[in-house]
Amino acid sequence: MERKSAYWSQKMGLHYRIYLRPTTTLPLHLSILPKLDPTYRNFYNKHIYDKQHVHLQPVSASRTSGILIPGGGPQLPVGKKEDILIRRRETDGPDIPVRVFTPEGDVPEGGWPLMVYYHGGGWVLGNIETENTVCSHLCSRARCVVITVDYRLAPEDPYPSAVHDSWEPLLWLVSTGFSRLQINPSKCAIGGSSAGGNLAAIMCHKALSCPSLVPNFLTQLLLVPVTDNTALTSNTPSWSENEFVPALPAAKMMWYRHHYLPDKSRWAEPEASPLLYGIENERWSKLPPALVVVGELDVLRDEGVKYAERLESNGVRADLKIMKGMPHPFLAMDGVLVQGRETIGFMVESLRGAFGHK
């Protein structure tokens, strides 16, 4: 195993090693090895361990290196896919691309149910193609229109650009999108994974301040969400326990955070860390019910659990599921991991229940 030009760095109490040249292999860390699900462990050793990790190379290289997370399953057929550019109403910036998935078949009486979905990628990676498999499953199996948002990425467009880009499509839906896409305004949901789960949770909080301007969400689906950007190995058990986990080790999460939130003084702002929203005006009790799915071996586990507990303590139903032996990216690995397929199933069931499907 080759190691070249390495040096130690320290940011906010987290030590990690930066490699100035690519490593040839990155084997599983001994602290994690016995805890990992065997199927993930075998797939990692066969397909991933010798691939360069995104936080050990320039952002540009990671964006052009092919599939972000290997192991994904195929998309399901849908009736139509359409890309739309949305003009802004409240914020500055370019038009926002969204992709619309529409189910096969006739429009139901009252219009299609709607799911707004935000992809993951640490606010640095990903695009309109990311997590299309998940979107196609939700569209086909939950019988709803799915809109996925191609928000701007850091470091070129750091926080709060992604928040602004996530908000604008919600304004467009009420003013234009509902009629254009034949949406039933009484049957809307929102969700996302990882950084996208962060954005979905924030959108639910922001919607409380102007409910007539954006959809009323019946449920929120938060998959391995980032809810606390102040979490570190020094203050969060899941960070210290899983510091060297594959896929999203602590150093990689900090790499994402420093790109998206270069100003540390803003890490605790609620629109960066939705777990840190206050309790004024009983805001938490007014949020929609949630499905929260986390990985047992994810650095983000504890903040996802705390978010579900915060909802429950304020009288909001939160269906929390902890996927045993799973590191962060299991949702995107539904082609090889049963846990990924199960999670998509949880999402479909939540939507069908919220929409009143039999």
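Ion pair R63/E156 flagged as a salt bridge, since at least one NZ, NE, NH1 or NH2 atom sits closer than 4.0 Å to an Asp/Glu carboxylate oxygen. The pair R341-D334 does not count as a salt bridge, with every side-chain nitrogen at least 4.0 angstrom from each carboxylate oxygen. In summary, R317 and D319 do not engage in a salt bridge, as defined by a charged side-chain N under 4.0 Å from a carboxylate O. Residues K35 and E241 are not paired through a salt bridge, judged by the lack of any N-O separation under 4.0 Å between the basic side chain and the carboxylate.
A side-chain donor-acceptor contact under 3.5 Å links T227 to the backbone of E303. At least one donor-acceptor pair under 3.5 Å links the side chain of R143 to the backbone N or O of E104. The backbone N or O of E129 lies less than 3.5 Å from a partner atom in the side chain of N127, making a donor-acceptor pair. A donor-acceptor pair is defined here as one N or O able to donate and one able to accept, closer than 3.5 Å; such a pair exists between the side chain of W284 and the backbone of G278. Using modelled atom types, one side-chain atom of K51 and one backbone atom of H47 make a donor-acceptor pair closer than 3.5 Å. Remark: side-chain polar atoms of D37 are paired, donor with acceptor, to backbone N or O of Y40 under 3.5 angstrom. Side-chain atoms of S136 come within 3.5 Å of backbone atoms of L76 as a donor-acceptor pair (strictly under, hydrogens ignored). When atom types are taken as modelled, the side chain of Y118 and the backbone of S166 share a donor-acceptor pair closer than 3.5 angstrom.
In this structure, P327 and D298 have side chains that are not in contact, with every pair of non-hydrogen atoms separated by 4.5 Å or more. Between V293 and M323, the closest side-chain pair of non-hydrogen atoms falls below 4.5 Å. Between H29 and E243, the closest side-chain pair of non-hydrogen atoms is not below 4.5 Å. Within the 4.5 Å cutoff, no side-chain heavy atoms of Y117 are placed close to those of I147. Looking at L170 and V116, their side chains come closer than 4.5 Å, going by heavy atoms from C-beta outward. L28 places a side-chain heavy atom less than 4.5 Å from the side chain of N45. Between L36 and L297 the shortest side-chain heavy-atom distance falls below 4.5 Å. A heavy-atom distance below 4.5 Å is found between the side chains of L248 and L300.
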Q) Which is it for R257 and T230 under the side-chain hydrogen bond (donor to acceptor under 3.5 Å, both in side chains) test, yes or no, and what are the steps along the way? A) CA-CA 10 Å; R257 184 183 296 171; T230 70; over 6 Å; no

Q | Criterion side-chain hydrogen bond (donor to acceptor under 3.5 Å, both in side chains) on T91 and R88, from CA distance to verdict | A | CA-CA 6 Å; T91 62; R88 295 174 186 271; 2.8 Å; yes

(Q) Could you walk me through whether S193 and H119 satisfy the side-chain hydrogen bond (donor to acceptor under 3.5 Å, both in side chains) test, starting with their C-alpha distance in whole Å, then the side-chain angles of each, then the deciding distance to 0.1 Å, before giving a yes or no? (A) CA-CA 6 Å; S193 73; H119 69 77; over 6 Å; no

Q | side chain to side chain contact (heavy atoms under 4.5 Å, CB included) evaluation trace for N314 with E312 | A | CA-CA 5 Å; N314 283 273; E312 286 278 0; over 6 Å; no

Q) Given the rule in the side-chain hydrogen bond (donor to acceptor under 3.5 Å, both in side chains) test, do K321 and Q339 qualify, once you have shown the distances and angles that lead to the verdict? A) CA-CA 11 Å; K321 299 184 184 297; Q339 294 88 344; over 6 Å; no

Q: Go through V59 and V124 one step at a time and tell me if the side chain to side chain contact (heavy atoms under 4.5 Å, CB included) criterion holds.
A: CA-CA 8 Å; V59 171; V124 175; 4.0 Å; yes

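Atom-to-atom distance recorded for I96:CD1 and D165:CG is 4.5 Å, nearest 0.5 angstrom.
Sorted by first and then second residue, the ring pair (Phe, Tyr, Trp, His ring centres under 6.0 Å) pairs involving residues 339-358 (not counting sequence neighbours) are F355-H357.
Note that R87 lies outside the cation-pi zone of W172, set by a 6.0 Å cut-off to the ring centre and a 45° limit from the axis.
Relative orientation of the W267 and H258 rings is perpendicular, given thresholds of 30° and 60° on the angle between their planes. Ring-plane geometry between W123 and Y260 is classed as parallel, the angle between the planes falling under 30 degrees on a 0 to 90 degree scale with a further cut at 60. Ring orientation note: the planes of H205 and Y277 are close to parallel, at an angle under 30° on the 30°/60° scale.
Remark: aromatic rings of H53 and W255 are distant, center separation not under 6.0 Å. For H164 and Y151, the gap between ring centers reaches or exceeds 6.0 Å.
More than 12 heavy atoms of other residues, nucleotides or ligands shown are found within 6.0 angstrom of CG on L85. The number of heavy-atom neighbours closer than 6.0 Å to CG of D83, taken from other residues, nucleotides and ligands shown, is above 12.
Evaluation of the side-chain hydrogen bond (donor to acceptor under 3.5 Å, both in side chains) rule for E269 yields Y159, R266 as partners, not counting sequence neighbours.
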